[in-house]
Amino acid sequence: MHEMSLCESLLGVIEESARQEGFTKVTCVRVEVGRFAGVELPAMRFGFEVVARGTVAEGARLDFVDVPASAWCFDCGQTVVLENRLDPCPLCGGVRLQPSGGTEIRLKDMEVI
């Protein structure tokens, strides 16, 4: 389950921010997750709850912001939004697509006390 290692990394960023900024409690964490990132959101929510125990993030709500997936089409030369990785280009029907977005996982912001 790579979601657990993602949660541990996320918590590391949160704790480092707490040291630098001086806050003592995180109430909400918003994470941007690309549609093609391959992350199981329920597993990540569970993993975050586990790794946050005993830290400034214990009890914090974990919210996800969906990032649409995009790809560049070799056939029509356009960047298009895709629902599924194997979908054809919605403009020309071409299947030679290079993913260009929607694979990222990024801490967007946090609410802190």
Side-chain angles (χ1 to χ4, degrees):
M1 172 196 299
H2 76 284
E3 285 82 356
M4 189 62 82
S5 63
L6 291 172
C7 291
E8 290 169 343
S9 296
L10 178 61
L11 184 61
V13 171
I14 292 168
E15 289 180 323
E16 180 61 28
S17 293
R19 280 190 290 279
Q20 290 179 358
E21 303 296 328
F23 57 85
T24 58
K25 181 75 177 151
V26 178
T27 58
C28 180
V29 177
R30 274 181 285 285
V31 179
E32 293 179 333
V33 180
R35 199 162 293 161
F36 290 170
V39 174
E40 293 292 330
L41 300 182
M44 189 158 175
R45 193 176 306 281
F46 174 77
F48 184 75
E49 184 179 313
V50 170
V51 301
R53 289 182 187 146
T55 72
V56 296
E58 183 170 10
R61 188 176 76 240
L62 182 61
D63 290 340
F64 298 108
V65 178
D66 183 47
V67 177
S70 59
W72 186 77
C73 178
F74 284 91
D75 295 326
C76 69
Q78 298 296 311
T79 298
V80 295
V81 174
L82 297 176
E83 290 297 317
N84 298 297
R85 190 175 288 275
L86 299 177
D87 284 351
C89 175
L91 299 178
C92 73
V95 293
R96 298 182 314 139
L97 298 165
Q98 173 66 46
S100 59
T103 59
E104 60 272 18
I105 302 168
R106 181 179 18 242
L107 174 62
K108 180 173 176 56
D109 57 32
M110 326 180 246
E111 294 175 9
V112 301
I113 298 173

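Just so you know, these numbers use all the heavy atoms, side chains as well, and skip hydrogens, waters and symmetry mates.
Linking Ile, Leu, Val, Met, Phe, Trp and Tyr whenever their side-chain heavy atoms come within less than 4.5 Å leaves F64 and V67 in two separate clusters. Put simply, L107 and V112 are part of the same group of oily side chains (I, L, V, M, F, W, Y) that touch within less than 4.5 Å, one to the next. V13 and M44 fall within a single hydrophobic cluster, where Ile, Leu, Val, Met, Phe, Trp and Tyr side chains are chained together by heavy-atom contacts under 4.5 Å.
Side chain of E58 to main chain of V56: no donor-acceptor pair is present (N/O by atom type, distance under 3.5 Å, no hydrogens or angles). At least one donor-acceptor pair closer than 3.5 Å links the side chain of E3 to the backbone N or O of E40. Although no hydrogens or angles enter the test, the distance criterion places a donor-acceptor pair under 3.5 Å between the side chain of W72 and the main chain of G77. The main-chain N or O of V65 is never found under 3.5 Å from a side-chain atom of R30 such that the two would form a donor-acceptor pair.
For the pair P88 and G93, the tightest heavy-atom approach, listed with the atom from each and the gap, is CB-O, 3.6 Å. The two residues L97 and C89 have their closest heavy-atom pair at CD1-N, 3.8 Å. The two atoms that bring G47 and C7 nearest to each other are C-SG, 3.6 Å, heavy atoms only. In terms of heavy-atom proximity, S100 sits nearest to T79 at OG-CG2, 3.9 Å. E49 approaches R53 most closely through the heavy-atom pair O-CG, 3.4 Å. Contact detail for V26 and A57: the closest heavy-atom pair is CB-CA, 4.1 Å.
A heavy-atom distance below 4.5 Å is found between the side chains of T103 and R85. In this structure the side chain of S17 reaches within 4.5 angstrom of the side chain of F23, judged on heavy atoms. Inter-residue side-chain proximity for P90 and L82 is flagged as met; some heavy-atom pair is nearer than 4.5 Å. Residues L62 and L10 have side chains in contact (heavy-atom distance under 4.5 Å, counting atoms from C-beta outward).
Distance check, rounded to the nearest 0.5 Å: CD of E32 to CG of D109 gives 8.5 Å. Atom CZ of R96 sits about 10.5 Å away from atom SG of C76, to the nearest 0.5 Å. Expressed to the nearest 0.5 Å, how far CD of E16 lies from CD of E21 amounts to 10.0 Å. Annotation: the span from R61 atom CZ to R45 atom CZ amounts to 9.5 Å, rounded to 0.5 Å. Taking CD from E104 and CZ from F36, the interatomic distance works out to 11.0 Å, rounded to the nearest 0.5 Å. To the nearest 0.5 angstrom, L6 atom CG is 12.5 Å from F48 atom CZ.
Residue K25 qualifies as enclosed at atom NZ: its count of foreign heavy atoms under 6.0 Å is above 12.
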Would you please test V39 and H2 for side-chain contact (heavy atoms from CB on, under 4.5 Å) and show each step? CA-CA 8 Å; V39 174; H2 76 284; 4.2 Å; yes

